[in-house]
Structure formats: C-alpha cells, structure tokens
There are 2 protein chains.
Amino acid sequence: MIKLMEGIPINSNKIAYLQQVKQQNMAAILKQIWKYEQVSRVELVDHTSLTSGTITNLTHELIELRVIREYASVSGNVGRKRVLLGFDPDYYRILGLDIGRSTFEITVTDLCGRILKTVGREIADQQGPDVYFREIEPVLAEIKEQIEQAGHQILGLGVGVPGPIDYGKGALLNPPNFPGWGGFELQQTLNERFQLLTLIEDDARTSALAERWYGIGRNVEDLVFITMGIGIGGGVISKGEIVRGTNGLCGQVGHMTIVMEGKVCDCGNRGCWEPIGSIPGILSRWSEGSTMDAFKAAVDRGEPEALKCLEDTLIYLETALINVFNLYDPELVVLGGRLFPYLAPSISSVQSRLQSRLYAFAKDRLRLEPSTFGASQSAVGATALLFRYLLNEPVKLLIER
Amino acid sequence: MIKLMEGIPINSNKIAYLQQVKQQNMAAILKQIWKYEQVSRVELVDHTSLTSGTITNLTHELIELRVIREYASVSGNVGRKRVLLGFDPDYYRILGLDIGRSTFEITVTDLCGRILKTVGREIADQQGPDVYFREIEPVLAEIKEQIEQAGHQILGLGVGVPGPIDYGKGALLNPPNFPGWGGFELQQTLNERFQLLTLIEDDARTSALAERWYGIGRNVEDLVFITMGIGIGGGVISKGEIVRGTNGLCGQVGHMTIVMEGKVCDCGNRGCWEPIGSIPGILSRWSEGSTMDAFKAAVDRGEPEALKCLEDTLIYLETALINVFNLYDPELVVLGGRLFPYLAPSISSVQSRLQSRLYAFAKDRLRLEPSTFGASQSAVGATALLFRYLLNEPVKLLIER
C-alpha cells in the first residue's frame with residue numbers, strides 16, 4: 001500500500017515501508033531482465049518508469065548479491081560496446097524435486113533457467129513416504145553438498161507432487177493411487193531434513209510453471225499445461241499467474257466427464273477422462289493390454305484393435321481439449337507426461353480436428369504444443385517455484401532471510 | 001510503478017505520478033468502504049495501512065465529490081456516537097442496459113447498489129440494431145433526462161450483450177442466433193448518441209459482476225455465473241476479477257461437449273450443452289414442444305415424456321456443473337437466466353447429486369445458488385461495470401474526465 005501522497009510517513013513503519021518499496025522496485029527490475037534476458041540500464045528506465053538513479057543503485061545491489069551481472073555487447077551499427085544486464089548463472093542454484101507415483105527426479109538449475117543436472121530413479125509402485133525418502137535422501141544430500149562445496153548458494157528446494165495439496169499444511173491431500181501419502185507433511189519434513197527453504201506444488205502446476213518461466217510460455221499470459229501419464233492433470237496459468245481455485249482443484253481436467261453416465265472414477269465423479277484416456281485407461285481398453293511399448297508396436301503393425309483403441313484415445317483427447325479451449329480460452333495448451341510421446345505422431349491431426357470445432361474467428365489462433373522439458377518437466381518447474389519467488393519478493397528472499 | 005525509493009522524483013512526471021498515488025490510495029479507501037458498507041476513519045487506517053492524515057484528506061475530498069457521506073452510528077456499549085463512512089446514494093446514478101436476443105432492459109442504480117428503476121421490453125426475435133435502437137433510444141433518453149433534471153450526475157452507461165465481443169472495437173463478434181449484430185460498433189454508437197461514458201461486456205460476465213459487486217458474491221473471490229435461456233453462457237470471476245481469456249471466450253460453458261460425438265452446434269463444436277440444455281433444447285426434445293409454460297404444466301401433470309425430458313435436462317446440467325467445479329474450482333456457482341425458474345424446484349436434488357460426484361474433501365464446500373437479481377441480472381451487472389471502474393480508478397473517472 002502506497003502512503004506517500006501526504007509525504008513520506010515518519011512513524012515507526014517507515015523502514016518496513018521503504019523495504020516494501022525496494023521490494024517492488026527490485027522485483028520490477030528483475031522481471032524486465034527475465035523478460036528481455038539481457039537489457040541495458042537505459043532500457044530498464046524505459047520499461048519500468050523508475051528513475052535512472054534508482055536503476056543504478058538497485059542494479060548495483062543486485063550485482064553485489066550476485067543475482068545479476070553485466071554482459072558486454074557489441075552493438076550492430078557502430079561497433080561500440082553496450083553494457084547489458086542479465087541473470088548471473090554462476091552463484092545461485094535452485095533445486096527441484098519431482099515425486100511421481102513410481103519415480104522421483106531431482107534437477108539443479110541456475111538463474112538463467114539452465115538445467116545443470118538431473119537425476120531420476122524408478123520406485124516400485126504404491127510406496128509411501130518412507131520408501132521414497134530412503135531413496136531421495138542420499139541423492140539430495142549429495143547434490144546439496146557438491147553445490148555448497150563448489151561455493152554456490154542454494155536459493156531453495158521446489159517440489160512437485162501429485163495433487164490435490166493442503167497448501168496450509170504443506171501436505172498432500174489423499175491423492176488417488178498413491179497410498180500412504182495422504183496427510184503427510186512433505187514441505188515441513190523436507191525443510192527440516194535439508195535445511196532449505198522448501199515450496200511444494202501440484203505437479204501439473206509445476207509443469208505449467210516450467211513453461212511459463214523457462215519454456216514456450218515465457219511470453220504467454222494464459223496457458224494450460226496438460227500432463228498425461230498414469231493420471232491426467234492440468235495446470236492453469238491466467239494473467240501470468242498460477243490459478244489454484246478454492247480447494248486447490250482448479251485444472252482437474254482429468255476429472256471432467258467425457259462419457260456421460262460413464263463409470264465411477266476414484267475421484268467420485270462418473271465418466272472421467274483420466275480412467276479412459278490415461279496409460280492405464282488405454283491398456284484397459286486394449287484386450288492385449290500389457291505395456292505402452294507393446295501397444296505402440298501393435299499400432300505400428302496396423303493391428304485393427306490397437307488402431308481403434310488409439311483412435312478412441314484421440315477422440316477422448318479431442319473432446320477434452322475442446323472443453324479446455326471453450327472454458328479457459330488459453331493462448332496456448334501444452335501437452336506432456338509419459339503418455340504424450342506415444343500420442344505425439346497423431347497430434348497434428350488432433351490439432352486440425354480441434355480447429356474445425358472451435359469458434360471460426362478464434363480457430364487460427366489455436367496453439368497446441370509439446371512440452372519443452374519432457375520427462376523433467378515437473379522437476380524443472382519445481383525450481384521455477386523459487387525463481388518466481390525471487391522475481392516477486394527479492395528483498396524477502398535474499399536480504400531479510 | 002513506485003519510484004520513491006530514491007526520494008520523490010522532481011522531473012515533469014511528478015504531477016502524473018502523484019495523481020497515480022492518489023488514485024491508488026483513493027481506490028483502496030473506496031474498496032474498503034464497499035467491503036464493509038460502513039466503516040470509520042480509524043478502521044480505514046487499520047484496513048488500508050494509509051496514515052490518518054491521508055485518510056482524512058482523501059475522505060474529505062470524496063465527500064465533497066459526493067461519492068461517500070458520513071453516517072452517524074450509535075455504538076453498542078456506551079451509546080456514544082461514532083461517525084461512519086458509506087457510499088452516498090443521493091448524487092450519482094449509473095445506467096445499465098441489457099440487450100438480449102428478444103428483450104432489452106434498462107436499470108438505474110445508485111452508489112449503494114440499490115436498483116432505483118428498471119424498464120424492460122420484449123422485441124420480436126431476430127432483429128438487428130436498428131429495430132433495437134428505435135425502441136431503446138426514447139426510453140433511455142427519457143430516463144437520462146429525468147435523472148439530470150432531478151439534479152443527479154450520471155457516472156456512465158454499462159451494457160450487457162450476447163458475446164463474444166471484440167473489446168478493441170466495442171463491437172459484437174458474430175453472436176449465434178442474433179443476425180445483423182456481427183461487427184456492429186455498439187459501444188461507440190451508444191457513447192455518441194447519449195454522450196455518456198459507455199462500457200460493454202458479455203451478458204454472462206455482467207451477470208457475474210452483479211453478484212460480485214452487489215449480490216451474494218460480495219465476499220467471494222472465485223465464482224462462476226451460468227445463465228441459461230435461449231443460449232447458455234458463463235461468467236468467470238477469479239481472484240475477484242472477471243476473466244475474459246485470450247479471445248474473450250473464457251467461460252463458454254454452453255459450448256463444452258456434453259454428448260461425445262453429438263450434433264454439430266452453431267459454434268462449430270459437436271455435442272454442446274447449449275443446443276440440448278437451453279430452452280430451445282428442451283422444447284426440441286419434447287415432442288409437444290411449444291412453450292416452457294406448457295412444458296411446466298405437463299411436468300406438473302406428471303406426463304411421462306415431459307418428466308423424462310426434465311430428467312435428461314437435469315442430467316445435462318449436472319454433467320456440465322461437474323465439469324465447471326472440476327475445471328474452475330469456484331467457491332460459488334450461481335445459476336440464472338430465463339430457464340432457471342423452471343428448473344429451480346429441482347436444484348436441491350441436483351446439488352446433492354453433484355456432491356456425491358465431487359472430491360470427498362471438497363464436497364461439503366459446494367455452493368450452488370440462484371441468481372440475486374432474476375430477470376434484471378445482466379442490466380444490474382452492467383451498472384457494476386461503472387461501479388468497478390469507480391472503485392479501481394476514481395481519479396480518472398471523477399476528476400480527470
């Protein structure tokens with residue numbers, strides 16, 4: 001809240017107030033650097049409407065903090081060097097952890113959004129937190145130690161998990177097909193064991209954040225990420241920000257009804273997309289159902305039943321996507337997850353069928369894209385939880401902690 | 001953008017900058033008054049974190065502008081009078097106009113959100129702007145004159161129309177079943193003819209705004225308004241604000257696919273809710289299809305075919321609502337439109353069937369409510385377009401114009 005209309009207040013809140021102004025100004029600078037990747041101080045004055053004095057002082061402080069650095073650039077016309085500012089990739093590191101129903105993955109990124117390391121492991125199905133922690137703990141501890149020994153500073157640990165999430169407690173609500181995790185206070189447990197600032201989020205939302213902050217969603221205000229694998233989930237970004245909804249359920253695209261009066265789903269609804277359109281859904285509808293690779297081989301051989309099963313899967317996807325477009329009206333829909341590679345060869349035909357079903361004036365604007373980070377999508381997006389925090393509240397994250 | 005960290009800038013932007021700070025502070029005060037309806041200056045200091053000096057000066061100015069006024073209140077314990085601030089209902093008026101496919105309605109509200117006048121007329125189906133303007137113009141001109149002769153000031157004219165809308169041009173894009181309106185620049189035409197600040201919005205969104213600003217959505221951040229009549233539309237409010245989406249199509253709930261591989265709809269999609277769940281949809285599925293009153297009489301008499309048709313309608317509604325809850329996760333869904341009164345007796349059974357289909361942890365939070373303003377919903381919400389403008393940009397609306 002700005003209260004300077006009547007002059008700067010001189011009460012005891014003044015310092016807190018000035019910190020808040022600094023926070024907003026620093027955030028404005030960092031967001032412009034993120035947006036343009038490299039930008040001069042003069043351009044920052046134009047883009048932020050901050051004075052050049054403020055820009056000089058705050059960028060100096062951010063350089064000292066090793067969040068940004070100067071880059072020399074040779075300008076095109078006269079060959080004169082310009083100094084540009086960009087994120088400093090050398091000091092800070094962000095850790096990302098994705099916990100899946102039968103995998104985990106750990107990612108390390110720098111402030112330029114580059115992936116420096118990824119470590120993934122399979123875990124037997126249906127395991128609870130104890131089994132996961134036994135596997136994760138030594139890997140994460142070793143990565144943390146390596147980073148710190150190399151003289152880097154870790155901003156924090158972002159975590160993607162199957163939702164829905166109790167954000168107040170930092171715990172998983174009862175996720176379907178993931179026994180033992182309901183109520184487990186993951187955020188606090190990780191925070192205590194690794195002594196890192198820890199943020200958790202639904203894995204479909206971390207996947208959406210990966211696109212928003214590092215991927216093809218960088219310049220997109222409204223996008224929906226749909227992850228298809230064992231389950232089907234959605235992450236909705238509107239006006240540049242994640243939308244969680246009232247109960248953390250916004251974007252539960254896997255649980256929209258596709259088949260009216262269809263079978264009862266684990267979520268309680270009937271005829272959901274997830275139980276028919278996910279990997280288990282495909283394998284249950286295919287009489288030879290064993291693995292997706294076997295399914296793909298059967299499709300490639302032209303076996304009629306497998307082809308029919310694929311076609312049905314695409315019709316379910318098409319129907320779900322029409323609803324996603326007509327309800328959210330996003331600029332971009334990104335498809336990912338372990339099922340996606342098997343459907344990828346058919347996506348251009350899905351796109352043209354979708355176009356024929358959209359409002360005529362909007363159909364040429366339809367954008368349907370594959371995910372940028374493949375199997376690492378959620379872990380990369382988990383690091384974006386911390387990067388977003390840095391860009392929104394740099395003073396709180398870097399100075400006040 | 002705040003640029004006071006380094007002291008108040010002394011360049012030529014200073015006045016514009018101070019106006020911007022004033023705008024933000026005045027907006028903060030007005031929003032608190034709206035939220036609490038009546039509030040003391042001391043409470044305003046608490047709620048806004050503005051200094052008491054700023055509160056005193058700005059509320060004084062708002063009283064002079066006749067936007068707010070003082071109300072005396074007897075406090076409970078000691079009987080001492082407190083002075084409270086609330087909106088002043090005596091000076092400003094807002095006009096709302098709803099243009100429907102066979103009706104128009106004009107509403108007058110004051111700044112307390114009270115409806116002072118409504119005038120509605122039927123118009124023959126399928127008429128273009130000329131026929132509408134012939135009817136609307138004398139009514140609106142007379143209302144405007146009456147208001148001005150009584151010494152009131154009109155803030156502006158809000159308009160609800162069938163979407164989708166080209167917001168840049170203030171024109172209707174080709175709305176289905178509304179020939180002659182595609183491309184018509186309604187906003188500019190009204191603005192020129194009546195010399196009033198004119199804002200236009202999709203009628204499902206004005207309906208949602210009516211709840212958000214004056215109705216049961218006042219304290220709700222996330223709500224969806226569904227209007228069912230000749231068409232079916234949705235207005236989505238997320239984090240307190242209307243969401244339009246990339247093409248102005250966010251909330252096109254009538255065009256989600258309910259019947260997979262169903263009939264082609266005017267919008268281009270197949271199996272949409274609107275052509276089966278709207279008034280024309282019901283009358284087309286009922287073999288005696290004539291009017292909704294005849295349908296209601298047949299239901300009341302217990303005619304099996306009419307009962308089956310009603311039950312199917314409710315199943316479509318239930319399926320659509322499950323998708324609305326699982327995709328948007330709103331705190332509240334409000335149902336309105338000309339069809340709603342015919343379905344109202346069945347809504348409690350729809351609500352309990354919905355609860356059985358939602359995620360168990362969220363089902364008790366489900367809220368499904370009838371619209372507050374009935375047939376006047378969109379016209380009342382159209383006035384909220386101006387009220388929202390007043391609360392967001394009071395300096396621009398009241399002083400700079």
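Within every chain, numbering begins at 1; the chains are lettered A, B, ... in the order of the sequence lines, protein sequences first and strands thereafter. Values below: all heavy atoms of this structure, side chains included; hydrogens, waters and symmetry mates excluded. All values derive from a computational prediction rather than experimental measurement.
Most heavy-atom pairs under 4.5 Å with chain B: of the set A:Val236, A:Asn269, A:Asp266, A:Leu173, this distinction falls to A:Asn269. For the set B:Gly271, B:Gly254, B:Cys265, B:Pro164, the count of heavy-atom pairs under 4.5 angstrom toward chain A peaks at B:Pro164.
Side-chain contact between A:Asn323 and B:His255 is absent, with no heavy-atom pair separated by less than 4.5 Å. Contact check for A:Lys239 versus B:Lys239: no side-chain heavy atoms found under the 4.5 Å cut-off. For the pair B:Phe361/A:Leu249, a side-chain contact is recorded, criterion being any heavy-atom separation below 4.5 Å from C-beta on. Using a 4.5 Å heavy-atom cutoff, the side chains of B:Met260 and A:Met260 are not in contact. Between B:Tyr359 and A:Asn247 there is no side-chain heavy-atom pair separated by less than 4.5 Å.
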**Verdict with reasoning, B:Met256 to A:Ile322, per side-chain contact (heavy atoms from CB on, under 4.5 Å)** = CA-CA 7 Å; B:Met256 77 173 102; A:Ile322 274 290; over 6 Å; no
- Show the numbers, then the answer: is there a side-chain hydrogen bond (donor to acceptor under 3.5 Å, both in side chains) between A:Arg357 and B:Thr257? CA-CA 10 Å; A:Arg357 293 175 69 168; B:Thr257 293; 3.3 Å; yes
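Of the atoms belonging to A:Tyr328, heavy atoms from both backbone and side chain fall under 4.5 Å from chain B. With a 4.5 Å cut-off on non-hydrogen atoms, A:Val220 does not touch chain B at all. Proximity to chain B involves both the backbone and the side chain of A:Arg270, based on heavy atoms less than 4.5 angstrom apart. In this structure, the portion of B:Glu318 lying under 4.5 Å from any heavy atom of chain A is its side chain and not its backbone. When heavy atoms are compared at a cutoff of 4.5 Å, B:Val259 approaches chain A solely by way of its side chain, counted from C-beta outward. For chain B, the nearby part of A:Ser356 is the backbone; its heavy atoms alone come within less than 4.5 Å.
The backbone N or O of B:Gly245 lies less than 3.5 Å from no partner atom in the side chain of A:Asp222, so there is not a single donor-acceptor pair.
Heavy-atom minimum distance, B:Asp329 versus A:Arg244: OD2-O, 3.6 Å. When all heavy atoms of B:Ser238 and A:Val243 are compared, the pair lying nearest together is OG-CG1, 3.8 Å. Closest non-hydrogen pair, B:Leu327 versus A:Gln252, comes out as CD1-O, 4.0 Å.
In this structure, B:Leu358 CG and A:Cys267 SG are separated by 8.5 Å, a value rounded to the nearest 0.5 Å.
Residue-environment remark: NZ (B:Lys31) exceeds the threshold of 12 foreign heavy atoms within 6.0 Å.
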